[in-house]
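The structure appears below as structure tokens.
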Amino acid sequence: MAIENPFNGILKTLENPEGSVFGKYYSLPALNDPRIERLPYSIRILLESAIRNCDEFAVKAKDVEKILDWENTSPKLVEIPFKPARVLLQDFTGVPAVVDLACMRDAMNRLGGDSNKINPLVPVDLVIDHSVQVDVAKTENAVQANMELEFQRNRERFGFLKWGSSAFHNMLVVPPGSGIVHQVNLEYLGRVVFNTNGLLYPDSVVGTDSHTTMIDGLGVAGWGVGGIEAEAAMLGQPMSMVLPGVVGFKLIGKLRNGVTATDLVLTVTQMLRKHGVVGKFVEFYGEGMSELSLADRATIANMSPEYGATMGFFPVDHVTLQYLKLTGRKDETISMIESYLRANKMFVDYSEPQVERVYSSHIELNLSDVEPCISGPKRPHDRVPLKEMKADWHTCLDSKVGFKGFAIPKEAQTKVAEFSFHGSPAQLRHGDVVIAAITSCTNTSNPSVMLGAALVAKKACDLGLEVKPWIKTSLAPGSGVVTKYLAKSGLQKYLNQLGFHIVGYGCTTCIGNSGDIDESVASAITENDMVAAAVLSGNRNFEGRVHPLTRANYLASPPLVVAYALAGTVDIDFETEPIGRGKGGKEVFFRDIWPTSEEVAEVVQSNVLPDMFRATYQAITEGNATWNQLSVPEGTLYSWDPKSTYIHEPPYFKDMTMSPPGAHGVKNAYCLLNFGDSITTDHISPAGSIHKDSPAAKYLLERGVDRRDFNSYGSRRGNDEIMARGTFANIRIVNKLLKGEVGPKTIHIPSGEKLSVFDAAMRYKNEGLDTIILAGAEYGSGSSRDWAAKGPMLLGVKAVIAKSFERIHRSNLVGMGIIPLCFKDGEDAESLGLTGHERYTIDLPSNVGEIRPGQEVAVVTDAGKSFSCILRFDTEVELAYFDHGGILQYVMRNLIHAKH
């Protein structure tokens with residue numbers, strides 16, 4: 001049972017400069033422990049949370065000691081509980097979270113508990129942002145047109161979320177059309193310090209999107225978790241985590257003229273990938289910090305998932321306070337934030353001597369060494385310096401199919417596809433750009449790169465350059481603030497002139513919401529097997545994600561997106577070849593249109609103002625007319641519509657009883673899929689369009705849904721029937737059982753038939769047969785998607801045996817009751833001679849008390865092979881989830897027992 005907090009003796013009162021009281025707080029200096037001064041700032045936030053939440057039940061004094069002793073305990077991978085201050089959702093993950101809460105209320109009701117106990121116990125901010133499909137582009141009225149289409153497609157989904165905002169306490173829903181969740185979080189939702197009923201404590205957040213880390217740039221500890229973990233955090237469960245190592249990243253010097261924050265983040269991503277930071281915090285410090293605006297810091301923090309870290313953390317300093325002022329936060333709030341953080345040793349003042357902090361390892365970058373670059377064609381950390389891009393592209397054409405290869409025969413590399421575009425003759429070559437998108441939270445919250453792109457557009461227009469009409473150009477700001485400063489600067493008209501009209505406020509191309517490209521262009525690509533390119537200012541460029549027809553996808557800064565759109569190809573050396581011909585046929589080079597850092601800074605300084613932020617976010621809280629007119633049912637229990645293809649009651653609690661089912665092994669399971677390395681959550685659970693020949697399409701057609709109304713997998717995440725059918729439905733997935741064939745099929749081993757993954761899984765399930773998955777390294781990398789774990793569970797997958805797992809995906813598998821196992825170092829399916837045609841038995845005791853986190857487990861095949869794996873239940877709490885059949889069942893039983 002919980003007791004009174006044993007640390008109440010260090011509760012202190014914080015007075016404001018006028019002498020009145022801000023509130024009380026748990027004072028770290030009052031512990032009188034010299035170890036605190038040496039702790040990284042990110043670890044101090046974990047420490048304060050443990051002290052404040054200590055009840056000797058969920059959080060114990062010994063957990064506080066583990067964190068205090070971080071220097072000695074972190075190498076030992078000790079487990080600690082963490083209670084975030086709030087939870088951040090966006091609509092793709094928000095819908096299934098609210099579905100699960102509604103489902104839990106029903107189950108609680110059925111099991112005789114109090115259904116109103118199912119409520120978020122911490123503030124939940126839900127931003128509807130993943131709903132901007134770029135159907136309409138290159139026109140002044142694109143925003144309104146796309147918004148109307150989104151409401152037509154998603155009315156039921158939006159209505160469900162609106163119901164949730166009134167049915168559940170402690171839940172704020174930000175309506176569609178407001179912006180990208182991470183930019184809204186940075187500019188508006190981030191508290192930095194909470195004051196709840198007179199108790200002050202640091203803001204911290206877990207979010208259901210891996211780029212939640214963007215808020216780390218504001219000095220708020222935040223990272224992505226699975227939707228399953230987030231739901232447990234919402235319900236007051238402490239998150240169990242391994243106390244992380246912290247990599248100290250020292251920044252010195254300053255960026256060279258013309259180098260952007262995007263160039264910096266792609267450089268940092270490559271460096272940290274090489275250093276190895278998976279499961280760690282990265283904390284930035286050094287004199288170079290003063291040269292980085294907060295927006296630049298947020299850009300670096302945003303891409304933490306791409307470099308593999310849990311967080312890329314920038315402690316609060318004067319730059320943070322200036323940004324809070326710029327974004328319209330109140331002066332008294334900023335004063336409270338500064339006073340609290342200074343009093344609690346969480347503020348960095350670079351005008352004072354710095355105490356040497358301890359880090360697990362160190363890395364250093366001189367900002368003046370950063371050069372213009374892009375990343376691709378298939379992974380965010382495959383950085384290419386701009387000056388080497390043309391040579392790198394030709395190497396990619398030559399190389400065998402892989403992350404850096406397309407295997408185009410030499411004689412086919414100069415092929416020209418002739419086609420007719422709206423009656424005019426047109427040509428397409430390998431490397432030609434067909435999508436150019438200024439998009440994504442990574443960059444659209446950064447005024448320097450957004451206004452930089454606009455300056456490139458102005459210079460290009462002044463010189464008479466144009467973008468080819470068949471390139472699908474778009475601009476999707478992360479909030480209305482961007483529109484305001486682009487309008488004030490007078491530069492939006494030049495972006496419009498090049499086709500970069502605003503299409504909406506939310507995630508677009510980066511999440512796969514590219515919309516269709518012109519049919520004539522699509523036919524030219526497919527009929528001639530052209531490697532077409534997309535250039536986007538995003539953070540993800542995995543194969544098949546941006547658009548099914550763009551095999552090459554490059555991440556670039558917004559100004560470079562404009563430059564590549566003008567060039568029309570990635571097969572260009574910007575230093576020696578002209579971008580195009582302008583007025584009078586004169587050659588125009590990259591250097592002619594590229595703005596200086598001073599030009600950009602001047603435009604930012606005079607056009608980005610606090611009133612813009614205040615006006616934008618005041619409008620958000622009032623909602624828009626279409627949202628406000630949505631009628632929703634009343635009542636705290638949801639009325640499920642069995643005919644709905646958007647919102648469906650999932651079967652997670654269908655046969656649930658009060659007794660946990662207990663631990664279990666796997667007996668004589670077939671291999672459903674056999675994968676190599678880097679299978680992403682996009683492969684496992686696509687968010688993009690529903691292919692016309694897929695099981696999900698068949699399900700929708702059978703229910704009278706017209707093909708044009710299929711919408712995306714992401715928008716249908718509230719329907720388990722569709723999401724189960726969409727699991728492993730990526731058209732570019734490579735399954736070794738198919739011996740070289742690419743696509744969402746597998747072999748049903750007993751019959752030898754080639755079936756869709758869903759049909760094969762259902763046949764195994766109906767025959768009462770378990771299945772497992774074999775995989776290589778980095779299984780589950782990419783966006784944190786709860787459906788990448790829920791889907792396999794619904795398909796009957798009992799275990800995944802991989803070389804390594806992405807952090808969030810592994811915890812999601814655990815949350816859904818799937819056993820994660822790792823091959824021992826130096827071993828994999830290939831070295832062990834496993835083909836995937838065997839049957840697999842994994843021996844685990846039925847008593848969970850006999851299982852240890854990280855223990856070795858024997859796996860035996862019917863072919864007589866036997867090998868050992870590491871069991872990747874990493875904590876005792878995860879074993880408890882496994883015992884209960886999953887995290888939601890664990891939470892539910894605890895809530896019911898708490899009643900008694």
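One-based numbering along the sequence shown.
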Query raised in the report: Would you call R105 and I118 a side-chain contact if the rule is heavy atoms closer than 4.5 Å?
Result: yes
Requested in this report: Step through the shown structure and confirm whether more than 12 heavy atoms of other residues, nucleotides or ligands are within 6.0 Å of CD on E634.
Outcome: no
Query raised in the report: Is a donor on one side and an acceptor on the other found under 3.5 Å between the side chain of K765 and the backbone of L794?
Result: yes
Requested in this report: Answer yes or no: is there a side-chain heavy-atom contact under 4.5 Å between L121 and N170?
Outcome: no
Query - is_close_aromatic(F675, F728), centroid dist under 6.0 Å - result: yes
Query raised in the report: Is there a donor-acceptor contact under 3.5 Å from the side chain of K162 to the main chain of V632?
Result: no
Query raised in the report: Are side-chain heavy atoms of R545 and T680 found at a separation under 4.5 Å?
Result: no
Query raised in the report: Using a distance-only test with no angle check, is there a side-chain donor-acceptor pair under 3.5 angstrom linking T483 and Y505?
Result: yes
Report task. Compare all side-chain heavy atoms of D682 with those of R785 and state whether any distance is below 4.5 angstrom. Result -> yes
Query - Under the ring-ring contact (aromatic ring centres under 6.0 Å, His included) test, residues paired with F151 that sit two or more places apart - result: F158
Report task. Give a yes-or-no answer on whether the side chains of N719 and R725 include a donor-acceptor pair shorter than 3.5 Å. Result -> no
Query - Presence of salt bridge, D759 and K698, under 4.0 angstrom - result: no
Query raised in the report: Within the distance-only criterion (no hydrogens, no angle test), does the side chain of R157 pair as donor or acceptor with the backbone N or O of Y646 below 3.5 angstrom?
Result: no
Query raised in the report: Is a side-chain donor-acceptor pair under 3.5 Å present for H648 with D720?
Result: yes
Query raised in the report: Taking the side chain as C-beta and beyond, is there a heavy-atom pair between L737 and H748 under 4.5 Å?
Result: no
Acceptor/donor pairs from residues 649-659 side chains to any protein atom, 3.5 angstrom cut, sequence neighbours excluded:
| unit_1 | atom_1 | unit_2 | atom_2 | d |
| --- | --- | --- | --- | --- |
| T657 | OG1 | S659 | N | 3.4 |
| T657 | OG1 | S659 | O | 3.3 |

Query raised in the report: Is there a donor-acceptor contact under 3.5 Å linking the side chains of N711 and N154?
Result: yes
Query raised in the report: E741: what forms a side chain to side chain contact (heavy atoms under 4.5 Å, CB included) with it, not counting sequence neighbours?
Result: L738, K754
Query raised in the report: Hey, does the side chain of R893 reach the backbone of H884 with a donor-acceptor pair shorter than 3.5 angstrom?
Result: yes
Query raised in the report: In terms of ring plane angle, is the pair H664 and F882 parallel, tilted or perpendicular, where the classes change at 30° and 60°?
Result: tilted
Query raised in the report: Just checking, any donor-acceptor pair under 3.5 angstrom between side chains of E148 and Q152?
Result: no
Report summary line: Rounding to 0.5 Å, atoms CG (L111) and CG (L895) come to a distance of 11.5 Å
**Report entry** Test side-chain hydrogen bond (donor to acceptor under 3.5 Å, both in side chains) applied to T771 - qualifying residues, sequence neighbours left out
**Finding:** none
Query raised in the report: So do R540 and S210 actually touch side chain to side chain, heavy atoms under 4.5 Å?
Result: yes
Requested in this report: Verify whether one side chain among H547 and T550 offers a donor that lies under 3.5 Å from an acceptor in the other.
Outcome: no
Query raised in the report: Are any side-chain N or O atoms of R716 and backbone N or O atoms of F710, one a donor and one an acceptor, separated by less than 3.5 Å?
Result: yes
Query - Any residue meeting side-chain hydrogen bond (donor to acceptor under 3.5 Å, both in side chains) with D693, in chain and number order, not counting sequence neighbours - result: none
Report summary line: ring-ring contact (aromatic ring centres under 6.0 Å, His included) filter on Y881, not counting sequence neighbours, yields Y890
Query raised in the report: With side chains defined as the heavy atoms from C-beta onward, is the minimum distance between T208 and F92 less than 4.5 Å?
Result: no
Query - Separation of L701 CG from S694 OG (nearest 0.5 Å) - result: 8.5 Å
Report task. From the options V98, L172, V181, L88, select the one residue that forms a side-chain contact (heavy atoms from CB on, under 4.5 Å) with L126. Result -> V98
Report task. Determine, step by step, whether E231 and V891 satisfy the side chain to side chain contact (heavy atoms under 4.5 Å, CB included) criterion, reporting the C-alpha distance in whole Å, the side-chain angles of both residues, the deciding distance to 0.1 Å, and the verdict. Result -> CA-CA 10 Å; E231 288 169 36; V891 169; over 6 Å; no
Report task. Check the surroundings of atom CG in D516: do more than 12 heavy atoms from other residues, nucleotides or ligands lie under 6.0 Å from it? Result -> no
Requested in this report: Kindly state whether the ring of Y670 and the ring of Y764 have centres lying under 6.0 angstrom apart.
Outcome: yes
Query raised in the report: Between D106 (side chain) and L637 (backbone), is there a donor-acceptor pair under 3.5 Å?
Result: no
Query raised in the report: Do you see a donor-acceptor pair shorter than 3.5 Å between the side chains of N302 and H182?
Result: no
Report task. Kindly say whether V546 contributes a backbone atom to a donor-acceptor pair with the side chain of S514 at under 3.5 angstrom? Result -> yes
Requested in this report: Determine whether V800 and P820 make a side-chain contact, defined as any pair of heavy atoms from C-beta on separated by less than 4.5 Å.
Outcome: no
Query raised in the report: Taking the six-membered ring for Trp, are W640 and Y638 parallel (under 30°), tilted (30 to 60°) or perpendicular (over 60°)?
Result: perpendicular
Query raised in the report: Take atom CD in E702; do more than 12 heavy atoms of anything else shown fall under 6.0 Å from it?
Result: yes
